[in-house]
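Let me begin by presenting the structure, written as structure tokens, before commenting on it.
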Amino acid sequence: MEQALSDALWQLDDRELAALLARRESALRQAHAEMLAAVGEAERRGLAKNLGYRDSVAMLRTELRVSAREAHARLADALATQARRSPEGEELPAPLVATARLLNTGGLGREHLREITRIFARCPDTVSGQERADAEQTLLDLAAQASPEAVRAAGHRLIAYWDSERQPVEEPELAAPTREFRYRYRRNGQLEFTGNLDPETGATLEGLFGPLAKPRPKDDDGHPDPRTMAQRQGDALAEIIDSAARAEDLTVQGGERAVLTATITLAELEDRTRQSSTELPGYSTPEQLRRLACEAQVIPAIFGTDGEVLYLGRSSRHASKAQRRALALRDKGCAFPGCDRGPKWCVPHHIVWWDHGGNTDIDSMVLVCAHHHRLIHHTDWEVRVNSADRLPEFVPPAWLDPARRPRRNTAHLIGKHPRAA
């Protein structure tokens with residue numbers, strides 16, 4: 001039967017073959033769940049010692065011919081996701097209940113499971129049961145839409161949040177921030193340096209790297225930029241230094257200094273506008289007040305009663321700075337499910353392409369990184385803005401999900417807020 005299946009694969013079209021890959025992956029996950037169930041039962045009944053082995057790891061290494069690392073990992077995963085019994089014989093819940101439930105349905109891959117168990121191995125005892133359950137579900141939601149690497153990165157943010165809750169945060173010396181710069185010249189004349197910057201200055205430098213360290217467009221022969229990330233950032237730093245030498249022409253991210261984005265509901269703004277109209281002659285409507293604030297470089301992000309962003313920029317082919325701010329505020333970075341790229345690495349994408357008659361307004365755009373921008377243009381993934389809450393959601397191809405259930409990105413929420421954690 002397997003030979004017949006292999007011989008028939010060439011007859012499948014692309015979408016049928018992609019659907020087969022998705023089904024086989026689900027079968028592999030189900031088989032791994034069954035393997036962990038067997039490992040857990042073997043550990044529970046002391047099978048290894050019954051057969052003459054030192055412990056379960058030694059038995060797995062010998063009988064299954066796996067590495068010690070893999071044997072330890074399987075045993076840890078089994079113990080973390082399976083119920084055990086108390087000395088009185090009562091069944092105890094698995095440490096990761098929701099993870100075990102998803103694992104047993106074939107909905108969780110081996111690599112995702114391993115990242116999640118590693119993360120919770122570092123969960124402090126001070127984290128409450130509810131917070132732990134919330135964090136587990138958040139990671140599972142992310143695992144359903146992102147790679148194991150994305151789950152690992154989210155786990156690092158989650159662990160940092162847990163650690164910050166345990167340890168008092170020391171306020172930096174804002175009046176005299178610590179900045180250090182050490183350098184020396186090499187024999188060939190090159191300057192070698194090390195140092196550190198305070199968080200605010202570091203964020204400013206990183207923001208400058210965003211536009212200046214981008215890869216160059218492909219050359220006439222179609223070859224991509226050959227520079228490494230370190231080389232691109234080195235060239236970007238050279239541009240920054242060169243611009244600083246010409247003070248009037250100093251490069252700033254986005255062409256402007258830091259911008260304060262104040263959020264307020266439309267009803268609140270209208271009420272406050274009416275109250276202050278006598279103090280601001282000539283400014284009696286929210287639109288006039290918005291224009292006044294814009295000229296003063298205090299840009300209001302005005303929200304309606306349903307949370308939708310209003311009055312941010314005029315329609316044009318390219319998103320305005322105000323619209324980019326609104327998209328960053330709404331999407332928090334790349335909106336594609338599972339992506340954790342920040343706003344400065346993203347571009348506004350027209351949901352209905354500009355060439356196909358799309359408009360350049362907030363409800364017609366979504367923030368995506370370069371990788372997912374290409375993916376949307378060249379695959380069957382679709383993006384739309386939900387009419388109820390005006391947030392972006394992505395519809396997977398039919399071969400990946402026959403029901404085509406819409407997905408949303410949860411990666412930007414992890415480790416940002418107690419409820420998100």
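Quick caveat, the model's predicted, so the values are computed rather than measured. All values below were derived from every heavy atom in this structure, side-chain atoms included, with hydrogens, water molecules and symmetry-related copies excluded.
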Chi angles and distances behind the salt bridge (charged side-chain N to carboxylate O under 4.0 Å, His left out) call for Arg182, Glu192: CA-CA 8 Å; Arg182 295 173 290 276; Glu192 185 179 80; over 6 Å; no
Judged by atom type as modelled, is there a donor-acceptor pair below 3.5 Å linking the side chain of Asn386 to the main-chain atoms of Leu391? no
Close side-chain approach of Leu36 to Leu113, heavy-atom, < 4.5 Å: yes
So that I can tick it off, tell me whether Lys214 and Asp225 are bridged by a salt bridge, with the cut-off set at under 4.0 angstrom between side-chain N and carboxylate O. no
If you count the non-hydrogen atoms of other residues, nucleotides and ligands that lie under 6.0 Å from CZ in Arg407, is the total more than 12? yes
Is Asp331 close to Pro343 at the side-chain level, that is, under 4.5 Å between some pair of heavy atoms? no
Might you work through the salt bridge (charged side-chain N to carboxylate O under 4.0 Å, His left out) test for Arg23 and Glu25, ending with a clear yes or no? CA-CA 5 Å; Arg23 292 197 302 271; Glu25 175 61 24; over 6 Å; no
Heavy atoms of other groups near Phe193 CZ, more than 12 under 6.0 Å: no
Donor-acceptor under 3.5 Å (Asp401 side chain, Arg405 main chain): yes
When rounded to the nearest 0.5 angstrom, what is the spacing between CD in Gln30 and OG1 in Thr105? 7.0 Å
Would you say the side chains of Gln231 and Asp235 form a donor-acceptor pair under 3.5 Å? no
Does one side chain, of Asp141 or Gln137, offer a donor that lies under 3.5 Å from an acceptor on the other? yes
Taking Pro396's backbone N and O only, do any of them form a donor-acceptor pair with Arg404's side chain (distance below 3.5 Å, no angle check)? yes
Looking at Asn409 and Cys339, would you say the former's side chain and the latter's main chain have a donor-acceptor pair under 3.5 Å? yes
Ionic contact status for Glu393 with Arg384, cut-off 4.0 Å: yes
Tell me whether His112 contacts the main-chain N or O of Leu140 through its side chain, where contact means a donor paired with an acceptor under 3.5 Å. no
Ignoring hydrogens and angles, tell me if any N or O in the side chain of Glu136 forms a donor-acceptor pair with the backbone of Thr99 under 3.5 Å. yes
Considering the options Arg232, Arg227, Met229, which one meets the side-chain contact (heavy atoms from CB on, under 4.5 Å) requirement together with Pro215? Arg232
Look at the rings of Tyr185 and Tyr183 and say which category their plane angle falls in: under 30° parallel, 30 to 60° tilted, over 60° perpendicular. perpendicular
Any ion pair linking Glu70 and Arg65 (charged N to carboxylate O, less than 4.0 Å)? no
Anything under 30° is parallel, anything over 60° is perpendicular, the rest tilted; go ahead and classify His349 against His377. perpendicular
May I ask you to say whether Glu41 pairs ionically with Arg44, meaning some side-chain N is under 4.0 Å from a carboxylate O? yes
Once you round to the nearest 0.5 Å, how far does CG of Asp134 lie from OG of Ser128? 8.0 Å
Would you say CD of Glu111 has more than 12 non-hydrogen atoms from neighbouring residues, nucleotides or ligands within 6.0 angstrom? no
Salt bridge Arg152-Glu149, side-chain N to carboxylate O under 4.0 Å: no
Strictly below 4.0 Å, N to O, side chains only: are Asp389 and Arg408 in salt-bridge contact? yes
Check: Met59 main-chain N/O paired with Thr62 side-chain donor or acceptor under 3.5 Å: no
Report yes if the side chains of Arg132 and Cys123 come closer than 4.5 Å at any heavy-atom pair, otherwise no. yes
Assess the residue pair Ile116 and Leu96 against the criterion (side chain to side chain contact (heavy atoms under 4.5 Å, CB included)); give the C-alpha distance rounded to whole Å, side-chain angles, the decisive distance to 0.1 Å, and a yes or no. CA-CA 9 Å; Ile116 291 173; Leu96 299 174; 4.2 Å; yes
Side-chain contact test, heavy atoms from C-beta onward, threshold under 4.5 Å: evaluate it for Gln233 versus Leu237 and give yes or no. no
Heavy atoms only: give me the nearest Trp162-Val127 pair and the separation to one decimal. CD1-CG2, 3.6 Å
Are the side chains of Leu139 and Ile119 in contact, using a 4.5 Å heavy-atom criterion? yes
A side-chain contact here means heavy atoms from C-beta on lying under 4.5 Å apart; do Val395 and Val383 qualify? no
Go through the steps to decide whether Asp77 and Arg110 satisfy the test salt bridge (charged side-chain N to carboxylate O under 4.0 Å, His left out), and finish with yes or no. CA-CA 9 Å; Asp77 292 344; Arg110 178 180 62 85; over 6 Å; no
Test your reading of the model: is there a side-chain donor-acceptor pair from Asp340 to the backbone of Ala411, 3.5 Å cut-off? no
Evaluate the criterion side chain to side chain contact (heavy atoms under 4.5 Å, CB included) for residue pair Phe394 and Ile376; output intermediate values, then yes/no. CA-CA 10 Å; Phe394 291 74; Ile376 292 171; 3.5 Å; yes
Quick check: closest heavy atoms across Cys346 and Cys334, and the distance to 0.1 Å? SG-N, 3.3 Å
Any side-chain heavy atom of Thr178 within less than 4.5 Å of one from Asp198? no
Between Asp363 and Ile351, is a side chain to side chain contact (heavy atoms under 4.5 Å, CB included) present by the stated rule, with each step listed? CA-CA 9 Å; Asp363 288 343; Ile351 295 175; over 6 Å; no
Test item: Arg74 and Val66 side chains (from C-beta on) under 4.5 Å apart, heavy atoms: yes
